[in-house]
Amino acid sequence: MLRNLAYTTAITLVLSGGALAQEHDHSHEDVTLYRVFVGDHAEPHVTAFDLGDPDNRWTFETTGQNKLYTVNNGAAVVAVQSDDDAVSFFNSGISLHAHGDHSDIEISDPAAIEETLTGPRPFHMIDHNGKAVINFDRGGYAEIIDTHELSHGELVTTRLPQARAHHGYAAPIGDTWVTSVASDAPVEGDAAPDRIGLQQVNEDGSPVGEVETCTAIHGEAFSGAYLATGCQEGVLTVTDGEDRPVFEMLQYPNDLPNGESTGTLLGSKAVQVFLGNYGADGLVVIDPVDEPHFRYIELPFRRVDFVLDSANARFGYVLTEDGTLHQIDLLDAEVAQSARVTEPYSMDGHWNDPRPRLAMAGDEVIMSDPNAGLVRRISSETLEEVGTIEVEGTPYNIVVAGGSGVVHGAEGEHHDHEHSHDHDDDQIYQGYFDDDQVEERALSDWAGDWQSVFPYLEDGTLEPVMKHKAENGDKTAEEYHEYYEVGYQTDVERIVIEGDSVTFYENGEPLQARYASDGYQILTYEAGNRGVRFIFEKIDGDEDAPQYIQFSDHGIAPAAADHYHLYWGDDRAALLKEVTNWPTYYPSSSSADEIVRDMIAH
Amino acid sequence: MTLRWIKHAVTFSVISLITFPASAQDDKLAVVASFSIIGDFAYQVGGDHIELDTLVGPDGDAHVYEPKPADAMALARADVVLTNGLELEGFMNRLVTASGTEADIVTLTDHVQTREEPGGGHYHFVNGEAIFHAGAHDPHAWQSVVNAKIYVEGIREAFCAADADGCEQYEANAERYLAELDTLDSEIRDSIAALPESNRTVVVGHSAFGYYEAEYGIRFLSPQGVSTESEASAADVAGLIRQMREANARGIFAENISDSRLVEQIAREAGIDVAGVLYSDALSPAGGPAPDYLTMMRHNTHAITSALASD
């Protein structure tokens, strides 16, 4: 059986090109990567950099000052340039796809999408249900953008006309739409008309229901099943009903300070709850279902910007003009802690003067600091600064794309992360799983009776898997077959692992030895992501049994394997370089059909 | 002396935190159940000894539930949180994080022999659209009474671990209820054994009955592989109808948590009537046909056997 290694080394030479993808495919590396996009206050450009490695940096020219939004779970970034009648779009280079108990993450460089949108004063943007909707305040319409297409670099738009141009928004509710509505009273010069409410419309803009009153409607957010929007008299909620949207006005209760209202809202993605401003120096936690609908939080100074915690729905963060960041507890409706994070930025003056803006990246608050020319990284737990990143010019509007996910290697082109090739530079791998997340594993994780899948490849049983891969990959089924023929190749048809004993069966002949843990090795693949080999060394047994065996099974910490790749040989270091032949084992109790199903599902 | 002082302090804090309901008031074990069926199990074992909060109530679908701030607060004051696991409660992890709860989070399917989910997930039908729920394992384990007993045993253990004083009572309650589950299990087996061998197939909209199928030998067809973007395509429905004919399927059922448009369409095209409503992922409200687990399983079994017994 030891001939196996010599044989595969020869194959390595032949197939070195496309081989690595397979290793990713089955190693399922956990990856965390945040990418920050910053719009300059004065100059028409957007700077992007990787939070863990800010030298990975890109600059994109636009037409004017950029207000930034992430859409489609951060896959794309929208840059709205209100004063310059333009909207630009970027592929963030990071896409996350929820997939059962984990997310898949795909990483590439960010890129500007060639097409832009132009029109009179684009302003509010809503991202909901796969649609990004940008209101053109002086155009009298909203443009609806398919965010899935956008993530593939295509700008596909539909126009929803409004009765009269105004500073407002349109939003999808189930299969239908709502739009803010302006008064039809005449105005002087180019003054904006008053806004009076919200109305259900069809996608062609034709009105369906009555106008629901929401005086001076401003600010909107989605959370859970609800859209909430700020009005003079309260917060109007909308939810998808059986036949038509259901509107409910939550009036400001008497115990809130008089004469103020909500004009900016944030909606939690994790718990059905909103955080809104209430006047300049107050916040309200809004529960659209349970009473009390409003809980008020007084701030010591006027609010500069606020954001919800994307990792822990309990918290939000608000910066006040004295330069203090406050952690808001949404469940208790109180300021949980505060810390000075920058110099004061007075709220006197124009709303669009350069002042800090907040975004979240996992357990950090990311804050632009325009006067300091910095982006600050602040721990959301302690509110202590954990780092700063210099950004040229006057960094202002800011968003963060990315998160944590699992890398599968099937689509090789998504992994060409050109900054990840130098294996000597530790920084380069920041953002990938941390070494301290990797834990030793016992041989018992692989205990059981296992069968090689190679015979199934040879007898054609796995052809549906090859076809499936061909439909989703860049090779034909025949090419995948050849590729796996090298990958799965082995004469060891069965392995039984029990206690510290491993028995290899080759043509029914057993070879048995006892093995002890020899630690693990974290491997870095060519595309920059990593995997872990768990290594066991022979302590006694048949002479012909391999000195080392190395498991690779998607895991980085103790967990029972449901299938695995096994590498074996007498040269520990040489084995670690083996990436083209990965004999693969499934439980002997699995039927051929179950194996096929499992492979297709992966 | 000390005890009286503590009592006094507790009373005081209740007055000051008037927005927090119930459980702080007494020394009952505070239990949160993720959805109605687990809620019933918890009630059977805990009885009056526990203060029970059920997050997803009757006729609610845990797969698509939107958690509320009150749910996070319930978790925050809980001693024990009972969940199904197997990715049924997609909202639970974020709720646990937000609540900062120190309760024991118990996954009741931990000791269940789980079924792999063919195709890596299953479909739900909401507002006429098929929504795919990815997951490697079928989460609907309670559809086998054998598994329900494992849930109940898990709850008994969790309650005893969290409240040693009440343990005797929990064990007595569990013993009584486990015996009722044994009776239920035999009843189901008997009523299915009475069916002709050739009449063992029914149709449901959402494939939530895999464990029932494996345990009791009723085959459930459901429109797998339909497009997630629209209603089931004509070809999918035609394929299902062919399967139904081949398998002599005699009953087609709507479900309490799902919208029934798809099964109505299938029934129309197959030329049969919808045979009734099965309770898959939630109990009915009190007074309905399935207000507790025992009644639910009897209702489902009766609905299925009635449809299959008819000629």
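Order of the sequence lines fixes the chain letters, A, B, ..., with proteins taken first and strands second; residue numbering starts at 1 for each chain. Hydrogens, waters and symmetry mates are skipped; everything else that's a heavy atom, side chains included, is used. Everything quoted here is computed from the prediction, not taken from an experiment.
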- Test side-chain contact (heavy atoms from CB on, under 4.5 Å) applied to B:Pro69 and A:Val285, A:Val271, A:Val289, A:Ile286, the passing residue: A:Val271
- Relative to chain B, which of A:Glu291, A:Gln272, A:Glu594 shows the most heavy atom pairs under 4.5 Å? A:Gln272
- Task: Kindly check if the number of other-residue, nucleotide or ligand heavy atoms within 6.0 Å of CD (B:Gln113) is above 12?
- Result: no
- Note on the structure: Smallest heavy-atom separation, A:Ala270 atom then B:Pro67 atom, equals O-CG, 3.3 Å
- Do you know which two heavy atoms are closest between A:Lys269 and B:Arg94, and how far apart they sit? O-NH1, 3.4 Å
- Tightest non-hydrogen contact, residues B:Ala72 and A:Leu331, listed as CB-CD1, 3.6 Å
- Query: Any idea which of A:Asp309, A:Asn312, A:Leu330 has the most non-hydrogen atom pairs under 4.5 angstrom with chain B?
  - Reply: A:Asn312
- Query: With a cut-off of 6.0 Å (strictly less than), are more than 12 heavy atoms of other residues, nucleotides or ligands near CD of A:Glu381?
  - Reply: no
- Query: How long is the span from the CG atom in A:Asp290 to the CE atom in B:Met73, to the nearest 0.5 Å?
  - Reply: 8.0 Å
